[in-house]
Amino acid sequence: MTFVYNLVVVVHLLCMAAVIGGYAVARPKVSEWMLWGARALVVTGLVMVLMAHFIHSLDKHLLMSKVVVKLAIGVSVAGLAELGHYAKRDKVISWSAHAAGTLAIANVCVAVLWH
């Protein structure tokens, strides 16, 4: 099970790279990479939390306050990406892309710096 958990972590990191890389490349629009990466981030994050919580052989100890904060930021990133991507064809919502990219970077900071 450790291999499967680590595989989910790798997919989660690749999705984060897609969101932040998509933001860096496609500003001020929300690219497909950002959109699908944000969606997959929420899903893989939830899978990691569920695996860590219910599979005791993984020996993971979750800090639920951190999980809730990261989930709230992740859902916000996905929502802002959806908003920016599905705007009317002739209207670009640039603040949505900037907010999603900034929050994605903040989520990485929460993941790394919060112990």
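These numbers come from a predicted model, not from an experiment. By convention here, the first residue in the shown sequence is residue 1.
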**Q** Which is it for V10 and N6 under the side chain to side chain contact (heavy atoms under 4.5 Å, CB included) test, yes or no, and what are the steps along the way?
**A** CA-CA 6 Å; V10 167; N6 289 337; 5.7 Å; no

**Q** Locate the shortest heavy-atom distance separating G74 from V42; write the atom from each residue and the value.
**A**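 Scanning both residues completely, I find the closest heavy atoms to be O-CG2, 3.6 Å.
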
**Q** Do the side chains of I20 and L13 join up, straight or via other hydrophobic residues, at under 4.5 Å, putting them in one cluster?
**A**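 I20 does not cluster with L13.
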
**Q** Assigning hydrophobic clusters by single linkage (Ile, Leu, Val, Met, Phe, Trp, Tyr; side-chain heavy-atom cutoff under 4.5 Å), is V19 placed with L46?
**A**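 No: no chain of side-chain contacts under 4.5 Å links V19 to L46.
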
**Q** What's the shortest heavy-atom distance between K70 and A111, and which atoms?
**A**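 The answer is NZ-CB, 3.6 Å.
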
**Q** Of all the heavy-atom pairs spanning V30 and A81, show the shortest one and how long it is.
**A**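 Nearest heavy atoms, V30 then A81: CG1-O, 3.5 Å.
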
**Q** Answer yes or no: are there more than 12 heavy-atom neighbours, outside M1 itself, under 6.0 Å from its atom CE?
**A**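 Incorrect, the count does not exceed 12.
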
**Q** Applying the side-chain contact (heavy atoms from CB on, under 4.5 Å) test to T44, which of V11, V49, V9 qualifies?
**A**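 Passing option: V11.
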
**Q** Does the side chain to side chain contact (heavy atoms under 4.5 Å, CB included) test come out yes or no for N107 and L103, once each step is laid out?
**A** CA-CA 6 Å; N107 214 3; L103 282 174; over 6 Å; no

**Q** Do you reckon L41 sits in the same ILVMFWY cluster as V112, going by side-chain contacts under 4.5 Å, direct or chained?
**A**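 Yes: a chain of side-chain contacts under 4.5 Å links L41 to V112.
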
**Q** Would you please name every residue forming a ring pair (Phe, Tyr, Trp, His ring centres under 6.0 Å) with H98, sequence neighbours left out?
**A**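 H98 satisfies ring pair (Phe, Tyr, Trp, His ring centres under 6.0 Å) with Y23 only.
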
**Q** With sequence neighbours left out, which residue pairs that include part of residues 49-76 fulfil the ring-ring contact (aromatic ring centres under 6.0 Å, His included) condition?
**A**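 The answer is none; no pair qualifies.
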
**Q** Could you state the interatomic distance from CD1 (I93) to NE2 (H85), rounded to the nearest 0.5 Å?
**A**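 If I round to the nearest 0.5 Å, the distance is 12.0 Å.
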
**Q** Might you point out which heavy atoms bring K66 and V110 nearest each other, and give the distance in Å?
**A**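 Closest heavy-atom pair between K66 and V110: CE-O, 3.6 Å.
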
**Q** Would you say V108 ends up clustered with W114 if hydrophobic residues are merged whenever their side chains have heavy atoms under 4.5 Å apart, either directly or through other cluster members?
**A**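 Yes: a chain of side-chain contacts under 4.5 Å links W114 to V108.
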
**Q** Can you name the closest pair of heavy atoms from C15 and G37 and give their distance?
**A**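 It is CB-O, 3.7 Å.
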
**Q** Would a hydrophobic clustering, with Ile, Leu, Val, Met, Phe, Trp and Tyr connected at side-chain separations under 4.5 Å, put W95 with V77?
**A**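 Both belong to a single hydrophobic cluster.
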
**Q** Does M34 form a side chain to side chain contact (heavy atoms under 4.5 Å, CB included) with K29? I'd like the steps, not just the answer.
**A** CA-CA 10 Å; M34 272 186 82; K29 298 169 108 179; over 6 Å; no

**Q** Locate the shortest heavy-atom distance separating K60 from Y5; write the atom from each residue and the value.
**A**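 Heavy atoms only, the tightest pair is CE-CE2, 3.4 Å.
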
